[in-house]
Protein chains: 2
Amino acid sequence: MIEAAAINAVMRTLADPTRRAVFERIVGSDEITVVELTRGSGVTQGAISQHLKSLKQAGLVAERAQGRNVFYRAQPEGLAPLVDWMSHYGVFWHDRFADLRTLLKEIDP
Amino acid sequence: MIEAAAINAVMRTLADPTRRAVFERIVGSDEITVVELTRGSGVTQGAISQHLKSLKQAGLVAERAQGRNVFYRAQPEGLAPLVDWMSHYGVFWHDRFADLRTLLKEIDP
DNA sequence: CTAATACATTAGCCAATACTAATTAATTGG
DNA sequence: CCAATTAATTAGTATTGGCTAATGTATTAG
């Protein structure tokens, strides 16, 4: 059975456009600081920190503190619940491949 | 480039647990009416209709009116934006397969 | 024809939440 | 040191959004 709480957290976290944009920028860069994320985000630094907290709680990002900087990086495994959900309820894919996860494991064991 | 509006709609729509549950039930059944969806949903019929409206606007479900009943069915293509997004920003899968969509097309052309 | 059923829609309420502005804490450069 | 930089946190505000209750509309049963 699928972990309802995990999917809930991930979906809910990625639903907000601003927060999703933050995540996308983190994914796009190896590591990135809060100031850099704030730059051109359209919101204040405080708002960015709040979004980062949500992303962290959802398991989508990880942090590394160094000096007065905090570097954020993407935590890809955090998207696993979404993949699971897709393979279960994504009819289109489900119909074609029965189980996406199984398929992927076969390809890359 | 990815259609930001489409992803936004799909993510936002699936973020709510009640609405997602409705979608999952629709996926699970070939066709299902509003009364059936209301039964055991924990919310009123009006709420269900509202959720169905959202799901329809997001392109996730389609309807077929017959007499005084309206049958809803899943529209799998509606999840395409989510798949696209995953293949772009789902680092885990991205790293392993470069492009999930390409992979799937190779398997089932 | 009338009552009941199925569904959509609306107004109004309440909780959740994204944002700002301000504060705090920690680190570093001059 | 001291001022500046980086980041987190908090209180307060405004908006969003999901819910109910009620109403409206169409269809079917008796």
Side-chain angles (χ1 to χ4, degrees), chain A residues 4-26 29-75, chain B residues 4-26 29-75:
Chain A
I7 302 173
N8 222 29
V10 173
M11 289 261 195
R12 206 198 151 293
T13 303
L14 293 176
D16 180 67
T18 307
R19 188 163 45 234
R20 194 170 60 250
V22 169
F23 176 71
E24 290 171 359
R25 285 189 64 188
I26 295 178
S29 52
D30 212 46
E31 274 191 332
I32 187 168
T33 64
V34 180
V35 253
E36 284 183 86
L37 284 171
T38 304
R39 193 190 322 270
S41 69
V43 294
T44 62
Q45 175 265 315
I48 294 294
S49 276
Q50 288 169 6
H51 285 310
L52 289 170
K53 188 176 182 179
S54 300
L55 288 167
K56 193 173 121 191
Q57 285 174 347
L60 290 167
V61 301
E63 52 178 350
R64 177 180 67 91
Q66 182 182 8
R68 51 184 169 182
N69 296 315
V70 177
F71 291 88
Y72 282 86
R73 61 177 179 283
Q75 206 160 21
Chain B
I7 301 175
N8 222 30
V10 173
M11 290 264 196
R12 207 197 153 294
T13 303
L14 293 175
D16 179 66
T18 308
R19 188 163 45 233
R20 193 169 60 250
V22 169
F23 177 69
E24 290 171 359
R25 285 190 65 189
I26 295 178
S29 52
D30 213 46
E31 275 191 333
I32 188 169
T33 65
V34 180
V35 251
E36 285 184 86
L37 283 171
T38 303
R39 192 190 323 270
S41 69
V43 294
T44 62
Q45 175 265 314
I48 295 293
S49 276
Q50 288 169 6
H51 285 310
L52 289 170
K53 188 175 182 179
S54 300
L55 288 166
K56 194 172 120 190
Q57 285 175 345
L60 290 167
V61 301
E63 52 177 351
R64 175 180 68 90
Q66 182 183 7
R68 53 184 169 181
N69 296 316
V70 176
F71 292 88
Y72 282 86
R73 62 179 178 282
Q75 205 160 23

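Because the structure is a prediction, the values reported are computed rather than measured. Residue numbers begin at 1 in each chain, while the letters A, B, ... track the order of the sequences.
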For C/dA8 and B/R68 - does any side-chain N or O of the residue sit under 4.0 Å from the phosphate oxygens OP1/OP2?
no
Residue-phosphate contact under 4.0 Å: B/Y72 side-chain N/O, C/dA6 OP1/OP2:
no
Under 3.5 Å, is there an N or O donor on one side and an acceptor on the other linking the side chain of B/Q50 and the base of C/dT10?
yes
With a 4.0 Å cutoff (strictly under), does any side-chain N or O of A/T44 reach OP1 or OP2 of C/dC19?
no
From C-beta outward on A/V34, which listed nucleotide comes closest to its side chain: D/dA7, D/dT10, C/dC7?
D/dA7
Could you give the CZ-to-C1' distance, from B/R12 to D/dG18, as a whole number of Å?
10 Å
Options D/dA7, C/dA8, C/dT20, nucleotide nearest the side-chain atoms of A/T33:
D/dA7
Between CG of B/D16 and C1' of D/dT16 the distance, given in whole Å, is 12 Å
Assign A/G46 to base, sugar-phosphate, or nothing according to its heavy-atom contacts below 4.0 angstrom with the strands shown.
base
Length of the line joining A/L52:CG and D/dA7:C1', which is rounded to integer Å:
10 Å
Between P of C/dA18 and CG of A/L14, the distance in whole Å:
12 Å
Look at A/S49 and D/dT9 and indicate whether a side-chain polar atom (N or O) is within less than 4.0 Å of OP1 or OP2.
no
Whole angstroms only, please: what is the CG-C1' distance between B/N69 and D/dT25?
15 Å
Can you tell which of D/dA7, D/dC19, D/dG17 lies closest to the side chain of B/A47?
D/dC19
Minimal heavy-atom distance between A/P17 and B/N8, with the atoms involved, is CG-OD1, 3.3 Å
With no hydrogens and no angle check, do the side chains of A/S49 and A/Q45 hold a donor and an acceptor under 3.5 Å apart?
yes
Flag, side chain of A/R19 to backbone of A/I48, donor-acceptor distance under 3.5 Å:
no
Under 3.5 Å, is there a donor-acceptor pair linking the side chains of A/R64 and A/Q66?
yes
Of B/R12, B/R20, B/M11, the one forming a side-chain contact (heavy atoms from CB on, under 4.5 Å) with A/M11 is B/R20
Check whether the side chain of B/Q45 and the base of C/dT9 form a donor-acceptor pair under 3.5 Å.
no
At under 4.0 Å, does any side-chain N or O of B/H51 touch on OP1 or OP2 of D/dG17?
no
Value in whole Å for how far the C1' atom of C/dT5 lies from CD of B/E36
14 Å
Can you check the B/R20 CZ to D/dG17 P distance for me, whole Å?
16 Å
In whole Å, I'd like the distance from the CD atom of A/Q66 to the P atom of C/dA26.
18 Å
